[in-house]
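Notes to accompany the following structure.
Counting starts at 1 for both ligands and their atoms, in listed order. Here, residue 1 is the first one in the sequence, and each next residue gets the next number. This is a predicted model, so every value here is computed, not measured.
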Amino acid sequence: MYGRFKDHMETQLRQIRERGLYKKERVLETPQGVEIRTESGAKVLNFCANNYLGFCNDPRVMAAANYAFFRWGFGLASVRFICGTQKVHRELESRLAEFLGMDDAILYSSAFDANGGVFEPLLDETCAIVSDELNHASIIDGVRLAKAKRFVYRNNRMDDLEDQLVQAREAKFKLIATDGVFSMDGTIAQVDKICDLADRYEALVLVDDSHATGFIGPTGRGTHEHCGVMDRVDLIVTTFGKALGGASGGCVAGRREIIEFLRQRSRPYLFSNSLSPAITGATVEVLKILGESAELRERLMSNTRLFRDGIERAGFRIVPGIHPIVPVLFGHLPDDARLSQDFANALLDEGIYVIGFSYPVVPVGKSRIRVQISAAHMPDQIAFALDKFRLVGRKLGAI
Ligand SMILES: *Cc1c(COP(=O)(O)O)cnc(C)c1O
């Protein structure tokens, strides 16, 4: 039978290519970090990783992974409730709960899985989920798995959130779900105002802080700390695949009874293997480091200010804010979709690795290069990147 399906696949692939949406993967010859080398041999500075705190190849984190690997073995070959729970898993859960200011936490293989497993058991057809339109794909999929009624509000718009809560008023239980940081813009959700509306309309609040845990807020706890509502958010989803080391894994942290119930009913937790001990032990180490010193977080924030100030002074438009995601905008220029791609390619030739995003990843006329700053960047590397942005900007008529 495969012949006919093969034709179907080939047609689909051709259409993806023709629309310019085909994703090519650049193969790295080095560990992840600030200086990387691609298969083509070019050494470049990386400005597009989620390696916010530089933990991807931090020797302390690698040593902790190595220790846990030999202390606890390669893998568990079991889900948690059969024979897949080690002391190191419980230690990570209690450290995550403490770091995030929650009662308890439950581990998943990824934040994608955490979102896939958190909504369905908690909210049945008598309930409602009210979700920001720009929420991550894994929230969208997780919400789809739940039988609850769905309401979507315009990005970060509190008036529309309120309208949706009014429409959902018949529901037995309501939950508001939002990304803490919207990844294409680097903007921070108004978690304080969301909590106010949640109080007024009796809703639970879930924040996915994958782009915030470890570095946003006065002590890096996340957007709930940044917005001054650490005790008012019911559930936090986050990833270990970004600032917390970049390997993989995720969790839901929250109210005691909810986490206990998720251990009984959450399908990706019940029916998927335990997190590998090496990742688990390394993530414990990351949380220890973050608890002992503010150095990396402060370096990340000062690097971010350096880049944001410099790029604006050079005449580029950016989305204002404080987040190390810095979108450099091209929407006001002619042929912005092509320009953002050409710009990213020209920067790569100059030794700066960034990615251009255009429609349909972002709306029409909102093409951009998304720069991501890391604590591991040296100030002179940021200055070098700014020089190259100016150079390419003049060459392509963007400034
Ligand atoms: C990256 C991201 C995820 C997925 O995290 P993984 O652990 O890689 O699955 C989920 N939610 C948000 C908001 C993210 O930014």
Under-4.0 Å salt bridge between Asp7 and Arg4: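 Salt bridge: no.
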Phe47: ring-ring contact (aromatic ring centres under 6.0 Å, His included) partners, not counting sequence neighbours: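 Counting only residues at least two positions away or on another chain, Phe47 forms a ring-ring contact (aromatic ring centres under 6.0 Å, His included) with His377.
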Test ring-ring contact (aromatic ring centres under 6.0 Å, His included) applied to Phe307 - qualifying residues, sequence neighbours left out: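 ring-ring contact (aromatic ring centres under 6.0 Å, His included) check on Phe307 returns Phe389.
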Whether His323 and His211 hold their rings parallel, tilted or perpendicular, with breakpoints at 30° and 60°: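 Perpendicular, since the angle between the ring planes exceeds 60°.
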ILVMFWY network linking Phe151 to Val143, side-chain heavy atoms under 4.5 angstrom: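 As far as the 4.5 Å side-chain criterion goes, Val143 and Phe151 are not connected within one cluster.
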Ligand 1: protein residues within heavy-atom distance under 4.0 Å: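 These residues qualify: Ser110, Ala111, Phe112, His136, Ser138, Asp179, Asp208, Ser210, His211, Thr239, Lys242, Gly249.
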Partners meeting salt bridge (charged side-chain N to carboxylate O under 4.0 Å, His left out) with Arg370 (sequence neighbours left out):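 Once residues adjacent in sequence are excluded, Arg370 has no partner under the salt bridge (charged side-chain N to carboxylate O under 4.0 Å, His left out) criterion.
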